[in-house]
Every structure is written in structure tokens, then in C-alpha cells.
**Student:** 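Pasting a structure below so you can have a look.
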Amino acid sequence: MEKIIDLRSDTVTHPTPAMREAMARAEVGDDVYGEDPTVNRLEEMAAERMGKETGLFVASGTMGNLIAVLVHCQRGEEAIMGHLGHTFLFEAGGVSALGGVFVNTLPNQPDGSIALSDLENAIRGADIHQPISRLIILENTHNRCGGTVLDGEYTRRVGELAHRHGLKLHLDGARIFNAAAALHVPPSELSDAADSVTFCLSKGLCAPVGSVLCGSRDFIARARRVRKMLGGGMRQAGVLAAAGIVALEQMTARLEEDHRRARRLAEGLFQIPGLQPAFGMPQTNMVFVSLREEIAKTAKEVAEELSQRGIRVGVTASKTFRLVLHYWISDEDVEETIAAFRAVLS
Ligand SMILES: *Cc1c(COP(=O)(O)O)cnc(C)c1O
């Protein structure tokens with residue numbers, strides 16, 4: 001098979017040989033009965049890394065976020081989130097469709113944050129005309145803002161504000177390990193202010209399937225019931241969790257390599273006359289780059305030509321690409337990608 005350089009997302013990562021080995025050997029049991037030792041171990045390890053009491057293995061990041069919202073909010077209550085947030089844009093409206101939860105979007109700042117003043121102004125009072133504000137959702141790293149990083153200080157200020165008004169804070173930490181690597185802090189430093197946090201095993205960490213939702217024992221007990229309700233109670237899920245354990249043990253410390261390659265890729269692409277940065281230099285593993293005015297082609301057309309050269313990139317707007325670095329992308333692949341863009345645009 002011809003080699004494909006797949007930069008569309010870090011979700012395209014295949015499990016590592018160590019993961020396949022661990023999956024084959026995994027000890028399993030019925031996880032709905034709480035009897036899968038491998039799932040139990042993954043949940044404990046995840047909770048420890050997030051600084052929470054316990055965790056819940058879920059099928060996807062989307063399911064983790066949905067369960068968190070369904071536990072925190074009753075029907076008609078309001079969840080406040082960024083207008084570029086994954087939960088608002090890319091989760092099929094699940095919180096409203098399945099939870100009857102009212103969504104209030106506030107502008108995401110270029111760094112992925114939501115202004116504290118906007119949050120303060122959005123939270124409702126006791127007026128019976130208004131829905132009850134119940135939850136704030138932050139995203140770290142922030143996907144559509146360029147893979148940007150929120151620091152612990154900002155997250156704590158949002159947590160403090162939420163709690164002062166009786167709201168909860170959920171952190172969509174799909175790529176929290178990338179944020180932690182960029183800031184050189186443990187991920188718990190970025191999640192300690194949140195009442196719940198989800199992170200993905202299936203992105204830069206290379207596991208084939210799954211996310212973990214973490215929080216207090218009481219929160220996770222309720223989340224376990226909601227997961228069952230959604231049809232997400234899995235049985236011998238230890239074969240999947242085994243890969244997740246390898247992800248936590250072996251794959252988090254290397255993420256800085258992806259960030260280094262993202263910077264090199266950005267430098268190379270930004271020097272090509274037809275291209276310009278969409279958001280500036282990457283902070284983590286994502287490079288967003290746009291076609292300049294004078295290029296007549298659309299990003300989709302350019303992506304098609306790149307694909308004929310064995311390079312797959314994401315298209316996020318008519319003139320904008322997203323390229324995501326991950327374990328299966330080497331230094332040579334980065335150079336080949338730069339050369340291919342140069343050739344297609346010359
Ligand atoms: C990928 C992602 C998710 C969850 O995605 P799944 O594909 O459902 O695992 C949630 N939030 C963010 C920011 C993401 O990038």
C-alpha cells in the first residue's frame with residue numbers, strides 16, 4: 001500500500017504495537033457489573049492524572065461531554081459555552097436533543113477563552129422569566145481557535161466565578177495532555193477547578209477508542225447511570241481500556257514532539273508565497289493556514305491535489321486548512337508536506 005501522510009486529524013492515529021499487545025492480553029470482565037479489572041484500572045489512572053476522585057470510561061469525547069451535561073443540568077436549564085466550542089459545533093446538538101438543555105453561546109476569544117466579564121454578565125439571576133444558568137463549559141486545548149491553550153490560572157478564575165453563582169464547570173479536555181505538555185504542568189493543574197473533565201484517549205494518545213470522564217464519586221455514580229441510559233454500558237471493554245492504559249503510560253510524555261513538528265510545519269508553510277497563517281504560530285499540535293487572496297483555487301481544490309500526492313489535510317473554511325500532527329507523522333513527512341504545498345501552489 002502506498003504511504004499516505006494523513007494530517008486531517010489526530011483521530012486518524014492507529015494503535016501502537018504496544019497497544020495491540022496489551023489488548024490481546026487484557027484481563028476482562030463484565031464492566032456493567034463493575035467487574036472488568038482493566039477498565040477499573042484505566043478509570044483509576046485517569047482520575048489520578050486529572051486530580052479527580054474517580055473516572056468513567058466512555059465510547060467517545062462526545063459521549064463524555066453529553067453525559068456531563070445531562071448530569072449537571074435538568075431540562076430547561078442553561079449551559080453556557082463558547083460559540084466555537086466543540087459541544088456547540090460538533091456534537092449534533094445532543095445536549096438539547098437528548099437533555100432539553102438550553103444553550104447560551106458566548107464569544108470565544110482568539111486564545112480559546114471566554115471573557116470573564118461575558119460570563120459574569122450571562123449568568124442569570126432569580127427572575128422567573130429566565131432559564132436557570134447551571135453550567136459553564138470550557139475547552140482545552142481549543143480546537144477551532146487553533147489548538148490554543150488555557151492556563152490553570154484562567155480556568156481557576158472561571159471555576160471560582162461559576163461556583164460563586166452556584167454553577168458547575170465542565171472542562172472539555174479532549175486534548176488536555178497537549179495543553180499540559182505545552183505549559184509543562186501536570187494536567188490536574190488545568191482541571192482542578194472543574195467539577196468534571198473529559199479527555200480523549202483516541203486522538204494524539206493513539207488508542208483506538210474511548211475517552212474518560214472524571215469527577216467526584218457522586219458525580220460519576222450518576223454519570224454511570226446516564227451512560228447506561230444512552231446505551232453506552234459496555235461489557236468486556238477491557239480490551240479497549242488496555243490500549244487506554246498504554247496511552248496514559250507511554251504516549252503523554254511524547255506530545256511535545258508533535259508540537260515541535262507543528263512549529264516546523266507552520267514555519268515551512270508560512271514561507272510559501274500563496275499561504276498565510278490563519279491564527280499565528282501553533283501552540284500545540286495543530287497548524288491552521290489559509291490561501292492568500294491572489295490564489296484562485298479553493299482550499300478544497302488544493303486539498304484534492306495534495307491528496308493525489310498522498311497527503312491528506314483538513315479543510316475548515318473556503319480558504320483555510322487544518323493540519324494536525326500526531327505519532328504517525330515523522331520529520332520527513334513534514335518536509336514532504338511543505339514541498340507538496342509548494343508544488344501545488346507554484
Ligand atoms: C474530538 C473532540 C471531542 C470528542 O470527539 P469524539 O470524536 O466524540 O471522541 C470533544 N471535544 C473536542 C474539543 C474535540 O476535539
Side-chain angles (χ1 to χ4, degrees), residues 6-15 42 46 50 55-70 79 81-95 97-98 103 105 108 111-114 135-150 155 169-182 187 190-191 194 196-214 223 226-227 230-232 234 237 240-241 243-244 247 251 255 258 262 279 282-288 314 316 322-326:
D6 198 342
L7 294 155
R8 289 172 301 164
S9 177
D10 44 12
T11 58
V12 303
T13 47
H14 296 179
L42 171 66
M50 294 299 127
L56 183 69
F57 185 49
V58 294
S60 66
T62 299
M63 182 182 268
N65 287 337
L66 174 61
I67 293 173
V69 174
L70 295 186
M81 62 191 77
H83 78 300
L84 297 175
H86 195 277
T87 302
F88 181 60
L89 293 178
F90 301 123
E91 296 176 11
V95 301
L98 303 173
V103 168
T105 55
N108 276 117
D111 67 355
S113 69
I114 302 171
L135 179 67
I136 295 172
I137 303 179
L138 291 178
E139 184 174 316
N140 197 12
T141 64
H142 201 290
N143 188 340
R144 277 308 144 113
C145 290
T148 48
V149 173
L150 301 177
T155 310
L169 173 61
H170 173 68
L171 181 61
D172 176 356
R175 295 187 182 81
I176 195 171
F177 285 100
N178 292 88
L190 307 176
S191 59
S196 54
V197 54
T198 43
F199 70 88
C200 290
L201 296 160
S202 58
K203 292 183 172 165
L205 302 186
C206 285
V209 176
S211 286
V212 189
L213 171 63
C214 298
V226 175
R227 185 186 67 174
L230 295 173
M234 296 181 282
L240 298 174
M251 304 304 286
L255 291 172
D258 297 336
F279 300 120
Q283 294 182 12
T284 57
N285 67 330
M286 294 183 185
V287 181
F288 285 77
T316 60
R322 185 185 76 159
L323 292 83
V324 186
L325 282 292
H326 55 75

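In each ligand, atom 1 is the first atom listed, and ligand 1 is the first ligand listed.
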**Student:** Apply side chain to side chain contact (heavy atoms under 4.5 Å, CB included) to the pair Met81 and Ile114, showing each step before the final yes or no.
**Tutor:** CA-CA 8 Å; Met81 62 191 77; Ile114 302 171; 5.6 Å; no
**Student:** Strictly distance-based, threshold 3.5 Å: is any side-chain N or O of His83 a donor or acceptor partner for the main-chain N or O of Asn108?
**Tutor:** yes
**Student:** Return a yes/no value: protein heavy atom under 4.0 Å from atom 8 (O) of ligand 1?
**Tutor:** yes
**Student:** Run the side chain to side chain donor-acceptor pair (under 3.5 Å) test against Asn143 and tell me which residues pass, sequence neighbours left out.
**Tutor:** Arg322
**Student:** Looking only at protein heavy atoms, which one is nearest to atom 11 (N) of ligand 1, and what is the separation?
**Tutor:** Asp172 OD2, 2.6 Å
**Student:** Donor-acceptor pairs under 3.5 Å, side chain of residues 197-204 to any protein atom, not counting sequence neighbours: which ones?
**Tutor:**
residue : atom : partner : partner atom : Å
Thr198  : OG1  : Asn65   : OD1          : 2.9

**Student:** With a cut-off of 4.0 Å, which atoms of ligand 1 are near a heavy atom of Arg175?
**Tutor:** 15 (O)
**Student:** Report the distance from atom OG1 of Thr148 to atom CG of Asn140, rounding to the nearest 0.5 Å.
**Tutor:** 7.5 Å
**Student:** Give the C-alpha distance, both sets of side-chain angles, the deciding distance and a yes or no for side chain to side chain contact (heavy atoms under 4.5 Å, CB included) between Leu190 and Val149.
**Tutor:** CA-CA 10 Å; Leu190 307 176; Val149 173; 5.6 Å; no
**Student:** Nearest 0.5 Å, please: how far is CE in Met63 from CZ in Arg227?
**Tutor:** 8.5 Å
**Student:** Looking at ligand 1, is there an atom of it that comes within less than 4.0 Å of some heavy atom belonging to Glu91?
**Tutor:** yes
**Student:** As an exercise, identify every atom of ligand 1 less than 4.0 angstrom from a heavy atom of Gly61.
**Tutor:** 4 (C), 6 (P), 8 (O), 9 (O)
**Student:** So if I count the atoms of ligand 1 from 1 in the order they appear, which ones are less than 4.0 Å from some heavy atom of Ser60?
**Tutor:** 8 (O), 9 (O)
**Student:** For ligand 1, is there an N or O atom under 3.5 Å from any N or O atom of Thr141?
**Tutor:** no
**Student:** So is His142 close enough to ligand 1, meaning a heavy atom under 4.0 angstrom away?
**Tutor:** no
**Student:** Counting both backbone and side chain atoms, is some N or O of Lys203 under 3.5 Å from an N or O of ligand 1?
**Tutor:** yes
**Student:** Would you say the side-chain atoms of Ser196 and His170 include a donor-acceptor pair closer than 3.5 Å?
**Tutor:** yes
**Student:** Which of the atoms of ligand 1 are close to Asn65, meaning less than 4.0 Å from one of its heavy atoms?
**Tutor:** 10 (C)
**Student:** Show me which atoms of ligand 1 lie under 4.0 Å from any heavy atom of Glu139.
**Tutor:** 13 (C)
**Student:** Find all atoms of ligand 1 within a distance of less than 4.0 Å from any non-hydrogen atom belonging to Asn143, and give their numbers and elements.
**Tutor:** 15 (O)
